[in-house]
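What's counted below: heavy atoms across the whole structure, side chains too, no hydrogens, waters or symmetry copies.
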Amino acid sequence: MAKLGAGVWVLLGQALQSLVNFATVMALGYWAGPEELGVFALGFSFCFLAISLGDTLVATPYTYFQAQNLEGRELYFSSAFISNLALLLVVVVLFWCGLWLGLQSLSGLSLVLPVALIGLVNRELFRRHLYVVAKLAQSFKFDVLSSLIQFGLVSAFVVFDALSAVGAFIAIAVAAWLPTLLGVYLERHLLGWRSWHDYWLHVCSFVHYGRWLVLGGVCHVASLQLYPWLALMGGGLAQAGSFAACMALTNLPNPLLVGFTNYLRPQFMRRYAQVADKGWVAYVVRWGGVFALPALAYLSIVYLFAGDLLALLYGVAYRAGGDALTYMALGVVAIALSAPLQLAFLAMRMPVTNLLYHGTALILLLSLAAIFAGSFSLTVLGVFYGGVNFAALIVLLMLFWGWKK
């Protein structure tokens, strides 16, 4: 019961943050229109890339090494934030190169987007730190503060009729930076430093653990963030905005799924370290059922009310995305079933499976995009999303079955 109570803090914090993100997208779609929502979705693809790189090459290895109760926690803490900064500079340069090469629709985000993505990735790293050191009630307070700042700023933009993609990223940036700076200050006793050589050794340990994860993460980013660009090709910024509205509703189960994942990541690692193969399959299957329940409940609701939900939350112009949303909800079920398998492989220190999982999704999506080029309607993209995620789930099941045998 104590563990369940601790996990509730993670779920509540993740739920609050996800709901505020959803409210931000909904406000953009309703008050700023499909085109501004499309600009936001395209810009956020760079944030998603930064978050994925930070997660796979820094945050997840950091969680693993801290969960092993190794010496030198202070050096790991400092090295993680320095490594994050180096990664983020690469993404910022990539974004500016894209603007220089002709992404004129994102030119208004040239300054605010880099600030937002740096804040987002460091906020996620600090949240992971709180999880692994079991400061879960503090992590909830951290999420509450961040959510209140973002919701307050977005609401202010709406009241003054000034909400836009730029305004949304300003709200996100402030909501990410302020709590993170405060949190790091409160944990400043963990900021240790010896030499660049020690830092380099810790970076190498991150890279050694995360090298397959980062390749899988890049494939994950490419496959997921290719959708808004395909929507742009198929129907311009308005269709990209409509797809973003569907994706925001598709992400509604994320508070539970991501909350479970964040809480269980160190639990899976500790469990496998203690018992190895004994009862491992049953443990993974049991958590698979827990992940599946909210996804199936969500699918049932979307199947019955997809178009009505879109019209109610975003306006009548978005109702046409109902069929796409239904197919995307099927993809949510596949993602939910994949989550405990991914956690199991991480605990078993088989991160190459992450590359195989996300690589399958990317290759299949690129193949479908080539076959159906010029026919990227919302419904077609929804079918892509559902089918690709189920194909990737099958790959994970085959890998897990092969390990069991």
Side-chain angles (χ1 to χ4, degrees), residues 3-4 6-23 25 44 47-48 51-52 54-56 59-60 63 120 123-124 127-128 131 136 139-140 143 147 213 216-217 220-221 223-225 227 246-269 283-303 309 325-347 353-354 357-358 361 382 385-386 388-397 400:
K3 285 186 177 180
L4 179 62
V8 168
W9 291 117
V10 178
L11 295 178
L12 288 175
Q14 190 64 57
L16 186 59
Q17 191 68 63
S18 296
L19 287 174
V20 169
N21 289 337
F22 174 74
V25 173
F44 200 83
C47 293
F48 195 86
I51 291 170
S52 179
D55 173 68
T56 54
T60 296
T63 300
L120 283 170
R123 182 179 68 183
E124 183 59 28
R127 181 189 283 124
R128 293 289 194 85
Y131 294 160
L136 303 183
S139 75
F140 175 69
D143 287 331
S147 299
L213 292 179
H220 177 50
V221 171
S223 61
L224 191 58
Q225 296 305 309
Y227 287 104
C246 292
M247 183 59 74
L249 279 173
T250 300
N251 290 335
L252 274 181
N254 272 3
L256 281 174
L257 301 182
V258 176
F260 281 150
T261 300
N262 285 338
Y263 175 67
L264 290 172
R265 187 178 284 107
Q267 305 298 326
F268 266 63
M269 290 174 177
Y283 182 79
V284 175
V285 171
R286 185 163 63 250
W287 279 111
V290 174
F291 274 89
L293 286 175
L296 289 172
Y298 170 78
L299 174 62
S300 301
I301 294 171
V302 168
Y303 180 77
L309 284 171
L325 180 60
T326 302
Y327 289 114
M328 292 168 75
L330 289 169
V332 171
V333 176
I335 292 170
L337 292 173
S338 299
L341 293 170
Q342 291 178 277
L343 289 173
F345 283 123
L346 284 178
T353 56
N354 186 266
Y357 172 65
H358 292 301
Y385 187 87
V388 164
N389 281 299
F390 263 101
L393 169 62
I394 291 171
V395 169
L396 271 188
L397 287 170
F400 194 69

Which residues satisfy the side chain to side chain contact (heavy atoms under 4.5 Å, CB included) test with [X], sequence neighbours excluded?
X	result
Val284	Phe268, Trp280, Pro340, Leu341, Ala344, Phe400
Tyr298	Leu249, Thr250, Leu252, Pro253, Val302, Leu325, Ala329, Val332
Thr261	Arg265, Phe291, Ala339, Leu343
Ile394	Met398

Rounded to the nearest 0.5 Å, how far apart are [atom1] of [X] and [atom2] of [Y]?
X	Y	atom1	atom2	value
Phe260	Asn254	CZ	CG	12.5 Å
Asn389	Leu224	CG	CG	8.0 Å
Tyr283	Leu264	OH	CG	6.0 Å

For the residue pair Asn251 and Met247, establish whether any side-chain heavy-atom pair is separated by less than 4.5 Å.
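Side-chain contact under 4.5 Å: yes.
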Handout entry: Pairing residues for Asp55 by the side-chain hydrogen bond (donor to acceptor under 3.5 Å, both in side chains) criterion, not counting sequence neighbours
Key =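 For Asp55 the side-chain hydrogen bond (donor to acceptor under 3.5 Å, both in side chains) partners, ignoring immediate neighbours, are Thr60, Arg128.
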Next on the checklist: According to side-chain hydrogen bond (donor to acceptor under 3.5 Å, both in side chains), who are the partners of Tyr327, at least two apart in sequence or on a separate chain?
Outcome noted: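 Listed in chain order: nothing, the list is empty.
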Under the rule for salt bridge (Lys or Arg N to Asp or Glu O under 4.0 Å), what residues qualify as partners of Arg127, not counting sequence neighbours?
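Salt bridge (Lys or Arg N to Asp or Glu O under 4.0 Å) list for Arg127, sorted by chain: Glu124, Asp143.
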**Asked** Can you name the ring pair (Phe, Tyr, Trp, His ring centres under 6.0 Å) partners of Tyr131, sequence neighbours left out?
**Response**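 Tyr131: no ring pair (Phe, Tyr, Trp, His ring centres under 6.0 Å) contacts found.
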Could you work out, with ring pair (Phe, Tyr, Trp, His ring centres under 6.0 Å) as the rule, every residue matching His220, not counting sequence neighbours?
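Partners of His220 under the ring pair (Phe, Tyr, Trp, His ring centres under 6.0 Å) test: Phe48, His358.
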